[in-house]
Amino acid sequence: MSGPILELKNVSASYEKVEAVRNVSLQLDRGSIVTVIGANGAGKTTLLNAIMGVKSASGSLRFKDEDIAALEIEARVGAGLCLVPEKRELFSTMSVEDNLRLGAYRLGGGAVAEGLQQVFRRFPRLLERRAQVAGTLSGGERQMLAMGRALMSKPALLMLDEPSLGLAPRIVKDIFQIIVELRQAGVSILLVEQNARAALHVADYAYVMELGEVTMHGRASDLAADPRIIESYLGLGGRHDT
Amino acid sequence: MNSTIALFLLQDGVINGAIYALLGVTLVLIFAVTRVIFVPQGEFAAWGALTLASLESGATPGTALLLVVLGVSAAVVETIRERASMRPARLGVMAVRDVAMPIALLLIVSTIAPTKPALWLSVLLTLALVVPLGPLVYRLAFQPIADATVLTLFIAAIGVHFAMIGLGLIFFGAEGFRNEPFIAGVFPLGPLMFKGQSLVILAATAALLAALWFFFEHSMLGKALRATAINRLGARLVGIPTRATGRIAFALAAAIGALSGTLIGSLTTISYDSGFIISLKGFVAAIAAGLASYPVTVVAAIGVGVLESFAAFFASAYKEVIVFSLIIPLLIWRSLVTAHHDEEEE
Ligand SMILES: Nc1ncnc2c1ncn2[C@@H]1O[C@H](COP(=O)(O)OP(=O)(O)OP(=O)(O)O)[C@@H](O)[C@H]1O
Ligand SMILES: [Mg+2]
């Protein structure tokens, strides 16, 4: 089992007249972290939605060497793809524990106990709050729950849309720590982030999107040292983030 | 009025209330999963009672043919509607599930019916015939507009109500029927005399409500149905086949409706258009609960039953008027309560 786990060729997606993603080609090797960075409105969320099947798209989409372009969301989840969406989409009036249990829906009841144990080990806060209703969690806790729910399905490829959105710097650090640990556990990760510095730090490979197109890509460490990237995406972050 | 009469009215009210509770709870359930206010829920009860009555008289019930008609219609309509994305596998599934199985069922039922099958077998056959009608109604009427507003879905539900009444008339005729009780005879309990059938109704209602509670609170599928109602996209992202959840909800609704029908069939005469009034009373209870709470629906439904039975004693001509007039104060009360919530949220 080698070669890319995910391969996009000339993927485009549009909202009525606006073409939000244009001819994007992207590759993600098994067990690696790939990040997509770009300004607001560059099309990153649309790209993830197209890969997940939430948004219809044209072009070639291959996952685990199979064409998934025609599959429904449910079938892509079944194949081991999982998205933590920008808006999290939690089951707000259900308990934390029920949200997590449902995360394992595709695996069936047998996978619940072990999955819960692992998620609670990773996010002890969720264990404290297991009976609380998801809608009343704090922003950070909600983010942990969204990631926890995704992990319950034991995905082969986890796609994270701005996992650090609105979180305190310390929690951001925890989240990135968890991303690195997940890779060590064999999960491939596609990471979309505003926090370009941290994203490039943990990623193996990176793509830069502007106005729906990929304008640059390369090893994350190379991009982190590229003057154009430093000026456009890391400049401000350098003063505030670390 | 002395206490014996009062107790008798109370008993009567509670038993009718139990049936209203089943229908009201089903309305809440369907609304939660699909956002459809399913006015025609009572039609499933009428079809259940009429199917059982046909089987008891040794005739092939109209539902057997109706199932074939709706099955074929659903298959044809979906094939045309989704011709662009239709695959051989789906066509195969539809050919078996929507065409072959209903025809097989029709053949089986028309062989068994003349032998006047035992009661338990008749009830099973009734369920086998009525339950698949639920998902078929959903696929034909609601699935294509699943994302429409609550109001649009409600208007569609009223259309479905008239369609189902019409189909009922065609397939069962205008005649009313009464079923055999499950348990004949009367049992004394203190000062009260209980009809065997009343005890069956109370026990069956309690068992069904407990089963529903367990299903939604403790089974993965039940939670998946609730999750779909809360956040459809979230549900799809964890792999719940949300298209199927509407059908499952309607299958449950048809099952509960058909069972309630077989239960009340021996207490009152049922004809093709009897379902509406019965389910409207469940509807009053569901409204009292804001279409949201199962326990409140049950309590309110029993209240409706008791009110109705006392109203029938004191002013029998006005009993329906009294019960349905309840809706107005209930709606005012609900709107006050809801307005209050909105203020809190701001
Ligand atoms: N549902 C929609 N209807 C119409 N236009 C949309 C819709 N969703 C997104 N767009 C537009 O598509 C473009 C790309 O949006 P997208 O959400 O993919 O950007 P993004 O890179 O994720 O931005 P951000 O970093 O702010 O999350 C934007 O111009 C946006 O306005
Ligand atoms: Mg975005």
Side-chain angles (χ1 to χ4, degrees), chain A residues 48-49 51-56 69-95 97-112 115 133-135 142 145-155 158-159 161, chain B residues 28-29 31-33 35 78 81-91 93 143 146-147 213-248 289-296 338 341 344-345:
Chain A
L48 293 194
N49 284 343
I51 297 171
M52 197 65 227
V54 176
K55 173 91 192 79
S56 60
L71 298 185
E72 301 247 7
I73 301 179
E74 294 82 357
R76 297 187 201 200
V77 174
L81 256 177
C82 187
L83 169 67
V84 176
E86 197 168 27
K87 298 194 178 116
R88 311 308 176 219
E89 313 292 355
L90 297 172
F91 306 123
S92 54
T93 54
M94 295 175 92
S95 70
E97 182 172 338
D98 279 348
N99 270 270
L100 292 173
R101 283 175 179 275
L102 284 164
Y105 186 86
R106 83 166 179 112
L107 302 174
V112 170
V133 168
R142 220 172 289 183
L145 179 56
M147 261 177 98
R149 187 180 73 178
L151 293 177
M152 290 293 291
S153 76
K154 299 212 176 355
L158 181 60
M159 300 193 282
D161 197 343
Chain B
V28 175
L29 182 163
F31 182 72
V33 178
R35 295 177 308 121
E78 271 175 26
R81 201 181 271 148
E82 296 168 33
R83 59 195 171 283
S85 60
M86 194 50 70
R87 290 145 178 268
R90 272 250 2 247
L91 278 177
V93 169
Q143 190 165 294
D147 293 320
W213 172 81
F214 185 84
F215 175 69
F216 279 105
E217 289 299 320
H218 293 287
S219 79
M220 191 74 136
L221 184 58
K223 283 179 186 173
L225 286 183
R226 277 166 59 207
T228 308
I230 297 167
N231 188 326
R232 205 174 187 82
L233 178 58
R236 299 193 75 187
L237 288 174
V238 298
I240 296 169
T242 53
R243 270 182 188 232
T245 53
R247 293 187 212 159
I248 296 169
L291 278 175
S293 162
Y294 296 99
V296 177
T338 320
H341 276 313
E344 273 173 5
E345 272 164 25

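The model shown is predicted, which means the values in this text are computed figures rather than measured ones. Every chain is numbered from 1, with letters handed out A, B, ... down the list of sequences.
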Between A:V54 and B:L237, is the side chain to side chain contact (heavy atoms under 4.5 Å, CB included) condition met? List the steps.
CA-CA 9 Å; A:V54 176; B:L237 288 174; 4.0 Å; yes
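- Rounded to the nearest 0.5 angstrom, B:L225 CG and B:I248 CD1 are separated by 5.5 Å.
- Using a 4.5 Å heavy-atom cutoff, the side chains of A:M94 and A:L102 are in contact.
- Neither the backbone nor the side chain of B:A229 comes within contact range of chain A, judged by heavy atoms closer than 4.5 Å.
- B:M220 CE to B:I240 CD1: the interatomic distance, rounded to the nearest 0.5 Å, is 8.0 Å.
- In this structure, the separation between CE on A:M159 and CG on A:L48 is 5.5 Å, given to the nearest 0.5 Å.
- For A:L81, no part sits under 4.5 Å from any heavy atom of chain B, backbone or side chain.
- Taking the side chain to side chain contact (heavy atoms under 4.5 Å, CB included) definition, one finds that A:A150 meets it with A:C82, A:V84, A:L158, sequence neighbours left out.
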With 3.5 angstrom as the limit, list the donor-acceptor pairs from chain B to chain A, or say none if there aren't any.
residue	atom	partner	partner atom	Å
B:K223	NZ	A:D98	OD1	2.8
B:N231	ND2	A:E89	OE1	3.0
B:N231	ND2	A:L90	O	3.4
B:R236	NE	A:E74	OE2	2.9
B:R236	NH2	A:E72	OE1	2.9
B:R236	NH2	A:E74	OE1	3.2

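- For the pair A:L100/A:L145, a side-chain contact is recorded, criterion being any heavy-atom separation below 4.5 Å from C-beta on.
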